[in-house]
Amino acid sequence: DTGVSQNPRHKITKRGQNVTFRCDPISEHNRLYWYRQTLGQGPEFLTYFQNEAQLEKSRLLSDRFSAERPKGSFSTLEIQRTEQGDSAMYLCASSFGWGPGEQYFGPGTRLTVT
Amino acid sequence: KQEVTQIPAALSVPEGENLVLNCSFTDSAIYNLQWFRQDPGKGLTSLLLIQSSQREQTSGRLNASLDKSSGRSTLYIAASQPGDSATYLCAVLKAAGNKLTFGGGTRVLVKP
């Protein structure tokens with residue numbers, strides 16, 4: 001069990017560029033979650049997957065954001081046409097089971113949009 | 001809509017003093033409550049998870065209590081150490097829900 005991993009750990013991009021982040025959950029965890037945390041605030045839910053199905057999306061997830069989890073393994077979060085307001089820590093978590101359970105978090109990807 | 005509040009937002013104590021961190025939530029229909037630690041620029045480390053049917057959980061110097069009916073949880077850290085300096089976040093998972101709702105965190109500084 002190597003824990004949840006996220007890549008890259010840091011990303012600096014210019015406004016208007018597209019970025020993609022990757023999350024590898026704990027093996028055999030069928031649920032995967034994305035959260036966003038801005039400076040000085042608690043994380044906010046973005047979306048979650050059960051296996052490959054995206055079952056819930058927050059209103060925070062504008063149409064510039066898209067998340068995928070092909071084959072129910074790793075997940076990617078893409079932000080198109082980045083804006084300065086997208087600067088945040090993007091956290092991924094995973095859990096096991098078919099109902100609510102303990103979520104294990106990765107180290108996060110810090111995005112800075114200049 | 002579930003709202004989670006943590007007071008105080010920041011706390012500074014001398015080494016050796018006990019820490020008391022508070023978390024309140026508006027909707028008592030929760031499945032569980034988790035306390036996390038976050039170091040600057042890092043991800044979240046789970047400290048304790050309390051199921052809705054439990055009143056408290058303990059791990060080493062940490063003890064967390066849950067009063068679901070009043071919408072409150074308290075994290076106690078005994079005999080604080082400088083290494084306990086971090087931000088502590090509480091989060092609730094609603095019954096039949098899938099997303100954690102977080103408080104804003106309490107930033108703790110333990111002075112040697």
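Chain letters run A, B, ... following the sequence lines, proteins first, then strands; residues in each count from 1. Below, each value reflects all heavy atoms present in this structure, side chains not excepted, and no hydrogens, waters or symmetry copies.
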TODO: Answer whether the closest heavy-atom distance between the side chains of B:Lys42 and A:Pro107 falls below 4.5 Å.
DONE: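 SC-SC contact between B:Lys42 and A:Pro107 ruled out.
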- [ ] Return yes when atom CZ of B:Arg107 has more than 12 non-hydrogen atoms of other residues, nucleotides or ligands closer than 6.0 Å, and no otherwise.
- [x]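 Atom CZ in B:Arg107 is not packed in, count stays at 12 or less.
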Open item on the list: Is it the case that atom CZ in B:Arg61 sees more than 12 heavy atoms from other parts of the structure closer than 6.0 Å?
Closed with: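 Enclosed: over 12 neighbouring heavy atoms sit under 6.0 Å from CZ of B:Arg61.
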Task: Segment of B:Gln38 engaging chain A (4.5 angstrom heavy-atom cut-off) - done: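 Only the side chain of B:Gln38 comes within 4.5 Å of chain A.
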Task: Structural part of B:Leu44 lying under 4.5 Å from a heavy atom of chain A - done: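 For B:Leu44, backbone and side chain are both near chain A.
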Open item on the list: Quick check for you: among A:Tyr35, A:Tyr33, A:Tyr104, which has the greatest number of heavy-atom pairs under 4.5 Å with chain B?
Closed with: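 Heavy-atom pair counts peak at A:Tyr35.
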Open item on the list: Minimum heavy-atom separation for A:Met89 and B:Gly41, please, with both atom names.
Closed with: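 Residues A:Met89 and B:Gly41, closest heavy atoms: CE-O, 3.5 Å.
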Open item on the list: Minimum heavy-atom separation for B:Asn98 and A:Gln103, please, with both atom names.
Closed with: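 For B:Asn98 versus A:Gln103, the nearest heavy atoms are O-NE2, 3.2 Å.
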Open item on the list: Applying ring pair (Phe, Tyr, Trp, His ring centres under 6.0 Å) to A:Phe45 and B:Phe102, what does each step give before you reach the verdict?
Closed with: CA-CA 9 Å; A:Phe45 170 81; B:Phe102 284 84; over 10 Å; no
Cluster link [X] to [Y], ILVMFWY, side chain under 4.5 Å:
{"X": "B:Tyr88", "Y": "B:Leu11", "result": "yes"}
{"X": "B:Leu48", "Y": "B:Leu33", "result": "yes"}
{"X": "B:Tyr76", "Y": "B:Val13", "result": "no"}
{"X": "A:Val4", "Y": "B:Phe36", "result": "no"}
{"X": "A:Leu111", "Y": "A:Trp34", "result": "yes"}

Open item on the list: For A:Pro43, run the side chain to side chain contact (heavy atoms under 4.5 Å, CB included) check against B:Thr101, B:Leu89, B:Leu100 and tell me which one passes.
Closed with: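 With A:Pro43 as partner, B:Thr101, B:Leu89, B:Leu100 yield a single side chain to side chain contact (heavy atoms under 4.5 Å, CB included), made by B:Leu89.
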Task: Proximity breakdown for A:Gln6 and chain B, heavy-atom pairs closer than 4.5 Å - done: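 Interface part for A:Gln6: neither.
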Open item on the list: Checking an interface table here. Which of residues 47-77 of chain A come within a heavy-atom distance under 4.5 Å of chain B?
Closed with: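 Interface residues of residues 47-77 of chain A: A:Tyr48, A:Glu56.
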